[in-house]
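We name chains A, B, ... by the order of the sequence lines, and we start the count at 1 in each one. Every value quoted in this text rests on a predicted model; they were computed, and no experiment measured them.
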Protein chains: 2
Amino acid sequence: MSNQQLKEAGLKVTLPRLKILNLLEQSSERHLSAEDVYKLLLAAGEDVGLATVYRVLTQFESAGLVVRHNFEEGHAIFELTSEHHHDHMVCVDTNQVIEFVNKEIEDLQHKIAEEHGYELIDHNLVLYVRKKH
Amino acid sequence: MSNQQLKEAGLKVTLPRLKILNLLEQSSERHLSAEDVYKLLLAAGEDVGLATVYRVLTQFESAGLVVRHNFEEGHAIFELTSEHHHDHMVCVDTNQVIEFVNKEIEDLQHKIAEEHGYELIDHNLVLYVRKKH
DNA sequence: CTAATTGCAAAAGCTTTGCAGCGCA
DNA sequence: TGCGCTGCAAAGCTTTTGCAATTAG
């Protein structure tokens with residue numbers, strides 16, 4: 001379980017790390033800001049400092065357990081690394097984040113980089129959308 | 001010239017606005033942060049406050065003269081609105097920014113949003129690439 | 001002349017860091 | 001026990017805001 005994941009990541013198994021990892025795994029919302037994580041922990045009666053949340057999330061990112069996004073200006077959003085790559089849609093009205101997978105777009109990106117004499121290392125694609133009524 | 005663009009944007013023609021717009025039009029680097037603009041103005045002997053740079057860039061954005069990007073966390077990047085929409089490639093080694101246009105990707109994005117019941121308002125696509133040798 | 005704009009400094013929001021004490025291995 | 005980790009508070013950064021003075025129309 002979480003215990004093992006932390007060890008594999010080369011991180012000491014501490015209470016704050018376990019709490020944060022468990023929260024990320026159990027939360028119904030996959031995309032959380034550091035502040036979100038902090039508030040959820042407080043609400044759950046867990047006593048963890050905000051600075052620790054930031055430090056732990058950054059460590060998780062380095063360990064590959066978590067991905068950091070910059071969907072919106074002002075604050076980062078963290079998400080557990082998922083098995084399959086996906087991109088994101090963000091609703092401009094509700095800030096809801098929707099994941100999607102599209103192989104054509106992935107292929108096109110590689111093709112575009114190649115056409116310019118480059119190798120694709122990574123990419124960031126966010127669609128800002130509004131619900132159709 | 002710039003004078004006219006400001007009027008058309010419904011903005012009073014003031015010295016700071018002219019200086020900033022001229023700088024954006026004449027700079028060899030199309031992609032600048034507020035701090036970049038501020039420092040370039042200072043270097044050019046122009047006396048404009050940083051707060052004014054932020055305010056003016058935000059007004060330019062509202063007026064559609066400029067586009068704000070969040071390529072990296074920490075600070076926004078501004079670019080004069082260009083006639084044709086384009087996306088960006090950033091070389092991970094040199095930080096060089098390359099613009100590209102790809103209609104297929106644009107169309108796919110609309111299609112994906114539609115398929116999920118949404119209307120595409122905007123998007124952000126950045127390819128992080130490395131020069132092939 | 002009047003209202004908009006500017007510059008400064010202070011404040012705001014997110015994130016990082018220094019340091020003393022606590023806790024895992 | 002020793003080193004890493006945590007919490008708190010303070011500091012750092014980018015960006016915004018309040019306010020008096022300045023400027024455009």
Side-chain angles (χ1 to χ4, degrees), chain A residues 1-23 31-42 44-63 65-79 95, chain B residues 1-23 31-42 44-63 65-78:
Chain A
M1 48 189 328
S2 306
N3 215 297
Q4 193 59 28
Q5 295 180 57
L6 289 177
K7 282 182 187 161
E8 284 170 12
L11 294 169
K12 252 188 186 175
V13 179
T14 65
L15 243 46
R17 285 177 184 155
L18 276 175
K19 289 174 186 171
I20 293 172
L21 186 50
N22 283 332
L23 183 132
H31 307 86
L32 301 170
S33 67
E35 189 79 25
D36 290 336
V37 171
Y38 176 64
K39 284 185 181 159
L40 284 171
L41 287 176
L42 285 196
E46 305 290 2
D47 193 22
V48 176
L50 178 57
T52 299
V53 172
Y54 274 105
R55 273 186 293 231
V56 168
L57 286 175
T58 301
Q59 291 158 352
F60 283 5
E61 186 193 14
S62 302
L65 265 58
V66 143
V67 179
R68 180 194 304 248
H69 297 288
N70 303 303
F71 294 156
E72 310 153 59
E73 227 186 329
H75 64 280
I77 292 286
F78 298 85
E79 163 189 21
N95 279 340
Chain B
M1 49 192 330
S2 306
N3 216 299
Q4 193 59 28
Q5 295 180 60
L6 289 177
K7 281 182 187 160
E8 283 170 12
L11 294 169
K12 252 186 184 174
V13 179
T14 65
L15 243 45
R17 285 177 182 152
L18 276 174
K19 289 175 186 170
I20 293 172
L21 185 51
N22 282 333
L23 183 131
H31 307 85
L32 300 170
S33 68
E35 189 77 26
D36 290 337
V37 170
Y38 176 64
K39 285 184 180 158
L40 285 171
L41 287 175
L42 286 196
E46 305 291 0
D47 193 21
V48 177
L50 179 56
T52 299
V53 172
Y54 274 103
R55 274 185 293 231
V56 168
L57 287 174
T58 302
Q59 292 157 352
F60 283 6
E61 186 193 12
S62 302
L65 264 57
V66 143
V67 179
R68 180 194 305 250
H69 297 288
N70 301 301
F71 290 158
E72 313 153 56
E73 225 188 332
H75 64 280
I77 293 286
F78 298 85

Considering all heavy atoms of both residues, which atom of Ala34(B) and which atom of Leu50(B) are nearest to each other, and what is their separation? O-CD1, 4.3 Å
What closest approach, in Å, do Ile77(B) and Ser33(B) show between heavy atoms, and which atom pair accounts for it? CD1-N, 4.0 Å
Below 4.5 Å, heavy atoms only, C-beta onward: do Leu42(B) and Lys39(B) meet side chain to side chain? no
Quick one: does Val56(A)'s side chain get under 4.5 Å of Val37(A)'s, heavy atoms only? no
Just to verify, what does His69(B) make a side chain to side chain donor-acceptor pair (under 3.5 Å) with, not counting sequence neighbours? Glu79(B)
Interatomic distance where [atom1] belongs to [X] and [atom2] belongs to [N] [whole Å]:
X: Leu18(B); N: dT6(C); atom1: CG; atom2: C1'; answer: 14 Å
X: Ile20(B); N: dT5(C); atom1: CD1; atom2: P; answer: 13 Å
X: Asp36(B); N: dT14(D); atom1: CG; atom2: C1'; answer: 13 Å
X: Asn70(A); N: dT14(D); atom1: CG; atom2: P; answer: 15 Å
X: Glu61(A); N: dT16(C); atom1: CD; atom2: C1'; answer: 14 Å
X: Leu6(A); N: dG4(D); atom1: CG; atom2: C1'; answer: 14 Å
X: Ile77(A); N: dT15(C); atom1: CD1; atom2: P; answer: 9 Å
X: Tyr38(A); N: dC14(C); atom1: OH; atom2: C1'; answer: 14 Å

Between the CG atom in Leu65(B) and the CZ atom in Phe78(B), the distance rounded to the nearest 0.5 Å is 13.0 Å
Select base, sugar-phosphate, or nothing to describe what Glu73(A) touches, counting heavy atoms under 4.0 Å on all strands. sugar-phosphate
5'-most contact on DNA chain C: Arg68(A) or Lys19(B), nearest heavy atom basis? Lys19(B)
Sequence neighbours excluded and cut-off under 3.5 Å, please list the side-chain donor-acceptor pairs for residues 8-20 of chain B, or say none.
from     : atom 1 : to       : atom 2 : distance (Å)
Thr14(B) : OG1    : Arg17(B) : N      : 3.4
Arg17(B) : NE     : Gln59(B) : OE1    : 3.2
Arg17(B) : NH1    : Lys12(B) : O      : 3.0
Arg17(B) : NH2    : Gln59(B) : OE1    : 3.2
Lys19(B) : NZ     : Glu46(B) : OE1    : 3.4

Residues that Glu61(B) engages under salt bridge (Lys or Arg N to Asp or Glu O under 4.0 Å), provided they are two or more places apart: Arg68(B)
Between Arg55(B) and Thr58(B), does a side chain to side chain contact (heavy atoms under 4.5 Å, CB included) hold up when you go through it step by step? CA-CA 5 Å; Arg55(B) 274 185 293 231; Thr58(B) 302; 5.8 Å; no
If you fit an axis to the five pairs at each end of the helix from dC1(C)-dG25(D) to dA25(C)-dT1(D), how big is the angle between those two axes, to 10 degrees? 30°
Kindly state which residues belonging to residues 46-59 of chain A come within less than 4.0 angstrom of DNA chain D, counting heavy atoms of the residue only, listed by number. Asp47(A), Val48(A), Gly49(A), Ala51(A), Thr52(A), Arg55(A)
Strictly below 4.0 Å, heavy-atom distances to any atom of DNA chain D: list the hits from residues 7-15 of chain A, or just say none. Lys12(A), Thr14(A)
Position toward the 5' end of DNA chain D (nearest nucleotide), Arg17(A) or His75(B): Arg17(A)
